[in-house]
J.: 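Could you have a look at this structure, given as structure tokens, before my questions?
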Amino acid sequence: MPCERGRFAPSPSGPLHFGSLIAALGSFLAIRSRGGEWLVRIEDLDKPREAPGAAADILHTLERLGLFWDGPVLYQSRRSEHYEAALERLRDRLYPCVCSRRDIANAAVQGVEGPIYPGRCRRVSAPVNRPAALRVLTDDRPITFHDQFHGCYTQRLESEIGDFIVRRADGLFAYQLAVVVDDAAQGITQVVRGSDLLSSTPRQIYLQGLLNLPTLTYGHLPVAKDRQGHKLSKQTGAAALDLRQPAALLFQALIFLNQRPPWELSGMTPSAVLAWAIKHWNPARVPAPFGKRGFTKDNPKNITDADSG
Ligand code: GLU
């Protein structure tokens, strides 16, 4: 097994758009430039939100872009027994929760990711006759990691997020649980993805600790936004990539990632663009996701300026 592995883990809620291309390309270059493997995982846990044909379409798009992956594609929808086993291992730290979104919104303080769960069902046992979510008990020790694009990020789970859901009341396993189980199962060592997931990382590191799984290295890329400043996303109908000129798309993505590709590359093949980009990948040039490297008092994300410059 090579010493390093990265991955791209799209949810098949629609075709790839420019924002997901950034995550795909950034994770690909970050690991290939180190001689590592790049794996693909389809995060299709939430079947109701899946767009028919989207998984196949995403894989086809990656191939057209020359983003070829190593090994078999992993589908989360086929891995329930592994998530179940992880829940079993966490059992002593889980409790059922019947709070509705409205209950929480009424009682909670807003955090980086919406309401901080106030711990109601932690204190009062939930009635057994209602479908309950499972939450994991958190504590307030600071969890700090070094993000390869912007330095240190610290979060205290209990006071900034609250006990979080690992299995939903409708029985679906939560993203936070599945991602931790699967990153370990796939032998991933380096996660590079959009900065919308930056504040999820401490939850994932926390679960890795509870499950005795290795902690990975992380890097969060700036997310592409539409003209109104909203993150491009499949749910909000971001335009699918136009594959008539795949090399030009890669070229634009390299510009977004501030890799300064030479102009001639735009007319070449995807594999020529990628060969150049692997050779010249420079993580220090990737723009910091929140405008400038480092934590400012106006920046709600607790990022410190450990490696700017
Ligand atoms: N499935 C997530 C998404 O499509 C990405 C998860 C991850 O990279 O950890 O946004």
J.: Can you name the nearest heavy-atom pair linking D44 to P12, along with the distance?
T.: CB-CG, 3.7 Å

J.: First locate atom CZ of F28, then atom CZ of F8, and finally report the distance between them rounded to the nearest 0.5 Å.
T.: 12.5 Å

J.: Any side-chain heavy atom of L232 within less than 4.5 Å of one from K225?
T.: no

J.: Is there any salt bridge (charged side-chain N to carboxylate O under 4.0 Å, His left out) pair reaching into residues 251-267, and which pairs are they, with sequence neighbours excluded?
T.: none

J.: Decide whether E43 and Q76 meet the rule of one side-chain donor and one side-chain acceptor closer than 3.5 Å.
T.: yes

J.: Would you find a donor on one side and an acceptor on the other, under 3.5 Å apart, between the side chain of D57 and the backbone of A54?
T.: no

J.: Can you name the nearest heavy-atom pair linking A253 to L25, along with the distance?
T.: CB-CD2, 3.5 Å

J.: In terms of side-chain heavy atoms, does Y175 have a donor or acceptor partner in D46 at a distance below 3.5 Å?
T.: no

J.: Are V112 and L198 linked, directly or through other ILVMFWY residues, by side chains that come within less than 4.5 angstrom of each other?
T.: yes

J.: Would you call L243 and L249 a side-chain contact if the rule is heavy atoms closer than 4.5 Å?
T.: yes

J.: For residues 270-279, please give each side-chain donor-acceptor pair under 3.5 Å, one per line with the distance, not counting sequence neighbours.
T.:
unit_1 : atom_1 : unit_2 : atom_2 : d
S271   : OG     : T269   : OG1    : 3.4
W276   : NE1    : H280   : ND1    : 3.1

J.: Is Q176 reaching over with its side chain to a backbone N or O of A174, donor-acceptor style, under 3.5 angstrom?
T.: no

J.: Please answer whether the main-chain N or O of V286 pairs with a side-chain N or O of N258 as donor and acceptor at a distance below 3.5 Å.
T.: no

J.: Any heavy-atom pair between the side chains of Q110 and I116 that's under 4.5 Å?
T.: no

J.: Is there side-chain contact between L87 and Y83, with heavy atoms separated by less than 4.5 Å?
T.: no

J.: What distance do Q186 atom CD and R7 atom CZ have between them, rounded to the nearest 0.5 Å?
T.: 8.0 Å

J.: Check R41, Q204, R5 against D183 for a side-chain hydrogen bond (donor to acceptor under 3.5 Å, both in side chains) and give me the one that passes.
T.: R41

J.: List the atom of P115, the atom of I104, and the distance in Å for their closest heavy-atom pair.
T.: CB-CG2, 3.8 Å

J.: Please answer: with hydrophobic residues joined when any side-chain heavy atoms are less than 4.5 Å apart, are L172 and I42 in the same cluster?
T.: no

J.: Search all heavy atoms of C99 against all heavy atoms of Y117 and return the closest pair with its distance.
T.: SG-OH, 3.3 Å

J.: Is the closest side-chain heavy-atom distance between I255 and P261 below 4.5 Å?
T.: yes

J.: For residues L137 and L177: do they belong to one hydrophobic cluster (side chain heavy atoms under 4.5 Å, members Ile, Leu, Val, Met, Phe, Trp, Tyr)?
T.: no

J.: Should L254 and W281 be counted in the same cluster of Ile, Leu, Val, Met, Phe, Trp and Tyr side chains packed under 4.5 Å apart?
T.: yes

J.: What's the shortest heavy-atom distance between F18 and A224, and which atoms?
T.: CD2-CB, 4.0 Å

J.: Can L39 and L74 be said to form a side-chain contact (heavy atoms from CB on, under 4.5 Å), step by step?
T.: CA-CA 9 Å; L39 278 62; L74 198 76; over 6 Å; no

J.: Enumerate donor-acceptor pairs with a distance under 3.5 Å from any side-chain N or O in residues 210-218 to protein atoms, sequence neighbours excluded.
T.:
unit_1 : atom_1 : unit_2 : atom_2 : d
T215   : OG1    : Q208   : OE1    : 3.3
T217   : OG1    : T189   : O      : 3.3
Y218   : OH     : Q208   : NE2    : 3.0

J.: With rounding to the nearest 0.5 angstrom, report the CG to CG distance, L134 to L90.
T.: 10.0 Å

J.: Taking the side chain as every heavy atom from C-beta outward, state whether K231 and D196 have any pair of such atoms under 4.5 Å apart.
T.: yes

J.: Look at atom CD of E63 and say whether more than 12 heavy atoms of other residues, nucleotides or ligands are closer to it than 6.0 Å.
T.: yes

J.: Taking the six-membered ring of F164, is NZ or CZ of R135 closer than 6.0 Å to its centre and within 45° of its axis?
T.: no

J.: Quick one about T201 and R193 (side-chain donor to acceptor, distance below 3.5 Å, no hydrogens or angles considered), yes or no?
T.: yes

J.: Take atom CZ in R168; do more than 12 heavy atoms of anything else shown fall under 6.0 Å from it?
T.: yes

J.: Side chains of I143 and T154, heavy atoms from C-beta outward: is any pair under 4.5 Å?
T.: no

J.: Can you check whether A185's main-chain N or O pairs, donor with acceptor, with D182's side chain at less than 3.5 Å?
T.: no

J.: Atom CH2 of W38 and atom CD1 of I31: how far apart are they, to the nearest 0.5 Å?
T.: 11.5 Å

J.: Check step by step if side-chain contact (heavy atoms from CB on, under 4.5 Å) holds for F149 and S195.
T.: CA-CA 10 Å; F149 304 117; S195 59; over 6 Å; no

J.: Looking only at atom types and distance, does a side-chain atom of E37 sit under 3.5 Å from a main-chain N or O of G6, one as donor and one as acceptor?
T.: no

J.: Find out if a path of hydrophobic residues (ILVMFWY) with successive side-chain heavy-atom gaps under 4.5 Å connects M268 to L29.
T.: yes

J.: If you apply the rule side-chain contact (heavy atoms from CB on, under 4.5 Å), what do you find for L221 with L257, and how did you get there?
T.: CA-CA 8 Å; L221 301 163; L257 291 168; 3.9 Å; yes

J.: So, R32 side chain and G36 main chain: donor-acceptor pair closer than 3.5 Å or not?
T.: yes

J.: Identify the heavy atoms of A51 and S13 that sit nearest to each other, and give their distance.
T.: CB-O, 3.6 Å

J.: Salt bridge between E158 and R122, side-chain N to carboxylate O under 4.0 Å?
T.: yes

J.: Here's a test for you: under side-chain hydrogen bond (donor to acceptor under 3.5 Å, both in side chains), which of E160, E113, H220 qualifies with S199?
T.: E113

J.: Run the side-chain contact (heavy atoms from CB on, under 4.5 Å) test on C152 and D147 for me, step by step, so that the C-alpha distance in whole Å, both residues' side-chain angles and the decisive distance to 0.1 Å come before the verdict.
T.: CA-CA 6 Å; C152 286; D147 184 284; over 6 Å; no

J.: Working to the nearest 0.5 Å, report the span between CG of L94 and CG of D92.
T.: 8.5 Å

J.: Would you give the length of the straight line joining atom CG of L250 to atom CG of L241, rounded to the nearest 0.5 angstrom?
T.: 9.5 Å

J.: Determine, for Y75 and R78, whether the Lys NZ or Arg CZ falls below 6.0 Å from the six-membered ring centre while staying within 45 degrees of the axis.
T.: yes

J.: Looking at T138, is its backbone amide N or carbonyl O close enough to the side chain of D163 to form a donor-acceptor pair, meaning the two atoms are under 3.5 Å apart?
T.: yes

